[in-house]
Amino acid sequence: MASKPMHLVQNARRGPYATLTLRGEVIPSHPGQFYMLRGDWGLSPLLGRPISILGEEAARSEVRFLVKAVGEGSRILHALEPGDVVHATGPLGSGFPLSGWDPQSPVILLAGGVGVPPMVYLASRLSESGAGIIFCQGARTKEDLLLLDELEEMGVTPHLATDDGSAGHKGVVTELLARELEYQPGAVFACGPEAMLRSAARLCKGKAPCYVSLEAAMGCGYGVCLSCVTQVTKEGRTANQRICKEGPVFDAEALPWL
Amino acid sequence: MASKPMHLVQNARRGPYATLTLRGEVIPSHPGQFYMLRGDWGLSPLLGRPISILGEEAARSEVRFLVKAVGEGSRILHALEPGDVVHATGPLGSGFPLSGWDPQSPVILLAGGVGVPPMVYLASRLSESGAGIIFCQGARTKEDLLLLDELEEMGVTPHLATDDGSAGHKGVVTELLARELEYQPGAVFACGPEAMLRSAARLCKGKAPCYVSLEAAMGCGYGVCLSCVTQVTKEGRTANQRICKEGPVFDAEALPWL
Amino acid sequence: MALNLGVRVGNLQLKNPVMLASGCCGYALEMEEFFDLSLLGGYCLKGLCEGGSEGNPPPRLCETPGGLINSIGLQNIGIEAFLKEKAPKLRKAGSVMVANFYGHSVDEYAAAAERLQAEPCIAALEMNISCPNVKTGGIAFGTDPKLVHEVTAACRKATAKPLWVKLTPNVTDITETAKAAEDAGADALSCINTYPAMAIDVERRAFKINTRSGGLSGPAIKPLAVRAVYLVSKAVKIPVVGIGGISTWADAVEFMLAGASAVQVGTALFSNPLAPLEILEGMREYCARHGVEEISTLTGAAKDFERPSCNLPSRTK
Amino acid sequence: MALNLGVRVGNLQLKNPVMLASGCCGYALEMEEFFDLSLLGGYCLKGLCEGGSEGNPPPRLCETPGGLINSIGLQNIGIEAFLKEKAPKLRKAGSVMVANFYGHSVDEYAAAAERLQAEPCIAALEMNISCPNVKTGGIAFGTDPKLVHEVTAACRKATAKPLWVKLTPNVTDITETAKAAEDAGADALSCINTYPAMAIDVERRAFKINTRSGGLSGPAIKPLAVRAVYLVSKAVKIPVVGIGGISTWADAVEFMLAGASAVQVGTALFSNPLAPLEILEGMREYCARHGVEEISTLTGAAKDFERPSCNLPSRTK
Ligand SMILES: Cc1cc2nc3c(=O)[nH]c(=O)nc-3n(C[C@H](O)[C@H](O)[C@H](O)COP(=O)(O)OP(=O)(O)OC[C@H]3O[C@@H](n4cnc5c(N)ncnc54)[C@H](O)[C@@H]3O)c2cc1C
Ligand SMILES: Cc1cc2nc3c(=O)[nH]c(=O)nc-3n(C[C@H](O)[C@H](O)[C@H](O)COP(=O)(O)OP(=O)(O)OC[C@H]3O[C@@H](n4cnc5c(N)ncnc54)[C@H](O)[C@@H]3O)c2cc1C
Ligand SMILES: Cc1cc2nc3c(=O)[nH]c(=O)nc-3n(C[C@H](O)[C@H](O)[C@H](O)COP(=O)(O)O)c2cc1C
Ligand SMILES: Cc1cc2nc3c(=O)[nH]c(=O)nc-3n(C[C@H](O)[C@H](O)[C@H](O)COP(=O)(O)O)c2cc1C
Ligand code: FES
Ligand code: FES
């Protein structure tokens, strides 16, 4: 990892969503890793914001992110213009495990809300390695479905769910997961709202390995402040682990949820 | 006075100087008055910045300022783009007295540094009323001479002084004042660095009325915080007066300088 | 749904919880140029003493990250001049006027309280025992619970008007001075005054404030003040008026949830004289959004975090 | 002109005055991914205790204007685990390591000091008697001069290494606890730890931090910390290490002018891990610009404002 200024070269906005392309020194990353991003925004907010990597063009020294404007920090990121400087620290965290499950059955990627970007990055890596991918994406409404064109480009046809039924299945995305698991249980990778992750963990229990990407308010993002911990149980011992360092991806079985 | 958002309609920059035109509800002002200006600059700096009025087009709901970028706040003002919102509180302070001196002899306006804008505003008002005007402007070098075109437009030919002799008299502007006072002592109005004001006050003592515009770090600009006081002696009694309210213009004789 | 913005601070009824803090609105007449004072819950005058004071030499103010340091030194025109020159104009303002005052000894405090007692347009007295910028009086009285008790008791005897005691946060345990003031008969506690602070100009290598130290105010101190209000409101039975870095409606609500019955806006007035009205409007909308019918029910209503496992804050719309 | 950046903190020589603050650089290994620790004056480890601690439940952190509140609750892996797992790797780092530690009783403090005494790569011990986020130990010891004396004396007996005492600012008069620590044999004073603070989420109407209160750090507290350093350095003869909101070179210089012999950078590391190097570079340029040959001559060099009549600050280029 490194901490350095990068330059915004493109900002493609759609509603509250902005796909940012930053150029600078790029250290190769794994899907599920993230950066702490901080614009030249003075005193407030004080801290950078954790944003997952959406994609990486190492050859062009570019890394891409998708940011949803929700609060002070993300709104400033959303409003950035080409040429603006962003201080980027990363890549951070552990990322999704890219092996260690049954290579015969397809993996199921579950994405909700702004949990979509890291899953798209994961899908692109997996599809390069030739793995079978089932991609389930949930959103409140059609307009909040993300990155459908990128998925299409890599030949992945997502199963969609919206709360209002404006696209795909009317209901929550974990209903799609339940169906898939009955059909052919494969390893599950999930990123999205905590309720979605919990429900995915419950569905997978005893059936399929399930890796979830957690969120936390982060002080540093690189493991020194201990603000982002969650309890993790390994070999019968429960201890705090840092979401920014040992995570953000955890084996759902190890979390104090089930 | 009032406190309201105004819109920047024009920003003409030359080096560190920016002439800002703001549009909004404009309350008629006197030369020497100022506004507290604050961009949408979040937490820092916390306070607005006092900036003198350079001119006013009440009919067009416009008021103009000239800002020199020197620190955090003025740099943000300097960088504003048309359409940006500026919170403006004003007009504030007392302004220069527009009568009360011998109407026969011309008045001498003395301006140094970013003290030029209010003197140009004063010149425009005085020239409307038909008074004779001697305008002395001093600067470090040619590039720092300000608003020469505006003065020309109103038919005022300034006497210039620069430290390096790159334009006009080589030396300080108060040397021009000394000459003028010997020639024909009239009321003197001055705005600029404190050293200039003190020396003007000394030159005028016993010869000509002298009004100086003071600066201070201002908390509120409208008289409530008492951070901007200076000692003023009136009728033998010395007491604190607020530079933002009773000032910024004071009779030099009343200041604890001479 | 009708919304009742009214709050009570002891015996004093305010039409809404938003007041102006002492020293940040002068003698309130300057504020009238911006808005009608009667729109507010009330306002606190610049700290008055008998005979007045010229305060400290300049420089008296500097900015710090998210805050400012002041060392005005309680410059004021004096109680007599105030009553003669300013009070008559303020009588028409039709808002609750609280007279902030101080002295240099217990006797001076009591004498000042007695003198102000006579003026009918003063609704309450706010005793400043917490100014960090004067050598005698001020903070010297505010840090010792015994002295707090003594000076409060003396003023209590001197006036029948509601007596508010303005506490300094510069103590190890603010609940001790709070309880001392309560025991001695205070009707309410104003929480808090500024925090002693210092700034140095590195280019000049000189203190930025003439008196070296001054008092820190503004958004920077808000989380410290919220805690002080919380602790004090748990420790005493009399109402607490919350002060410290309030510049938005959410700040004002935060202080009420922490335990304040009303709030005062200080430093925020400098950069935005209309802040109190914007805060009031925002509180109104907040109440509507949350189905709050009596704004006074917000006082002390903060709860513990519902789901300890959840690490994320909610968003303020 | 040669510039000597070296400073002494008691018997300890630092190659420059910039250190990393405890709790903000973990066990320093994470920082090595960004830069070479030996570039710095030194670093303070996350507070250690015997047996370690899981700390407080989340949420543990929230932002405030210009600052942040934390309530980590001194989570640490324990002295034993530190010595076994981390210390061997740090021995190679070639920078001055200061071990921050705490206990829940005077005996535990002394035992911890003794245990750390044995490790050769530890250059000094920093006794944390000022953490606001643990119920016993921490701040409880730091607010009472008698207890400060007792616990410092006990640790003094237990170790021959330089002993720094980290003070809490949450006291009425910080010079009293400072003098108590000096009397009991402290070699230096670290000034200051965080300020007790609170924040409430108005939409949820819940405290933002699980333990309700936490400690405030960051730029917001800088002017409070500068004053503490100033007061303490005037009151004692031992050196003071300045801490609190330092994020730029000018902040670091400000603390030295106020009386600090060295400084620690904490919260600024979170938003900019490279801050310490940028601070060091800025201090170098500052010295060059001002003709300073020994950076240690800045300590305590702040003067009074030269021209009381002048109301304007100078500008930092
Ligand atoms: C590992 C990780 C990866 C993420 N990836 C993305 C992404 O690719 N795209 C995207 O749009 N968002 C992503 N988020 C969420 C994003 O960090 C938050 O939306 C953002 O921090 C909100 O900041 P704000 O200033 O806009 O909101 P505010 O409401 O002002 O935030 C206030 C505080 O809460 C914290 N916070 C609020 N919501 C969240 C949240 N959901 N997660 C973490 N901290 C939060 C902020 O860090 C800040 O401290 C990710 C979060 C994490 C932890
Ligand atoms: C009545 C009045 C009228 C003014 N008119 C103009 C004008 O027309 N054009 C213009 O360019 N400037 C004018 N100034 C000066 C201008 O206000 C300062 O240059 C500006 O405040 C500096 O702020 P900063 O954030 O850029 O600098 P910083 O260095 O960050 O300022 C730090 C602090 O010092 C104060 N400060 C610094 N220098 C000055 C100064 N010279 N005067 C007052 N406060 C200062 C700031 O208010 C602030 O509190 C005027 C000042 C006063 C008092
Ligand atoms: C310039 C200034 C002058 C002040 N004068 C007084 C005063 O005379 N009496 C008093 O009790 N408090 C005084 N205060 C303190 C404020 O009333 C208030 O308690 C403090 O500033 C914290 O609130 P704020 O952060 O909203 O400003 C003053 C504060 C400032 C900034
Ligand atoms: C997340 C966090 C954890 C901290 N942990 C410790 C600690 O373990 N021991 C200690 O003495 N101080 C601890 N501190 C206090 C810092 O060392 C420092 O004194 C304080 O944060 C002020 O400096 P700053 O504003 O530069 O952060 C911690 C601070 C933070 C923000
Ligand atoms: S965010 Fe600092 S340790 Fe995880
Ligand atoms: S700046 Fe506040 S009274 Fe003048």
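Keep in mind that what you see is a predicted model, and the values were worked out from it rather than measured. In the text below, chain A, chain B and the rest are named by the order of the sequence lines, each starting its count at 1. Just so it is clear, the values below take in all heavy atoms, side chains as well, and ignore hydrogens, waters and symmetry mates.
Of the two parts of D:P273, the backbone and the side chain both hold a non-hydrogen atom closer than 4.5 Å to a non-hydrogen atom of chain A. For A:K245, the part sitting under 4.5 Å from any heavy atom of chain D is the side chain, from C-beta outward, and nothing else. Contact of D:L269 with chain A is made through backbone and side chain together, with heavy-atom distances under 4.5 Å. Residue A:S3 touches chain D through both its backbone and its side chain, counting heavy-atom pairs closer than 4.5 Å. Residue A:M36: no heavy atom, backbone or side chain, is found under 4.5 Å from chain D. Within the 4.5 angstrom heavy-atom criterion, no atom of D:S247 approaches chain A.
Taking the six-membered ring for Trp, A:Y222 and D:F34 have ring centres closer than 6.0 Å.
Between the side chain of D:S95 and the main chain of D:L37, a donor-acceptor pair closer than 3.5 Å is present. The closest donor-acceptor contact from the side chain of D:N76 to the backbone of D:L74 lies under 3.5 Å.
Interface check for chain D: of the options A:A2, A:S44, A:G42, A:G48, the most heavy-atom pairs under 4.5 Å are formed by A:A2. Comparing A:M218, A:M1, A:Q231, A:K4 by heavy-atom pairs within less than 4.5 Å of chain D, the highest count is held by A:M1.
With salt bridges taken as basic N to acidic carboxylate O contacts below 4.0 Å, none links D:K208 and D:E63. Under the 4.0 Å criterion applied to side-chain N and carboxylate O atoms, D:E80 and D:K86 are not assigned as salt-bridge partners.
With rounding to the nearest 0.5 Å, the separation of CG in A:N11 from CG in A:D84 is 9.0 Å.
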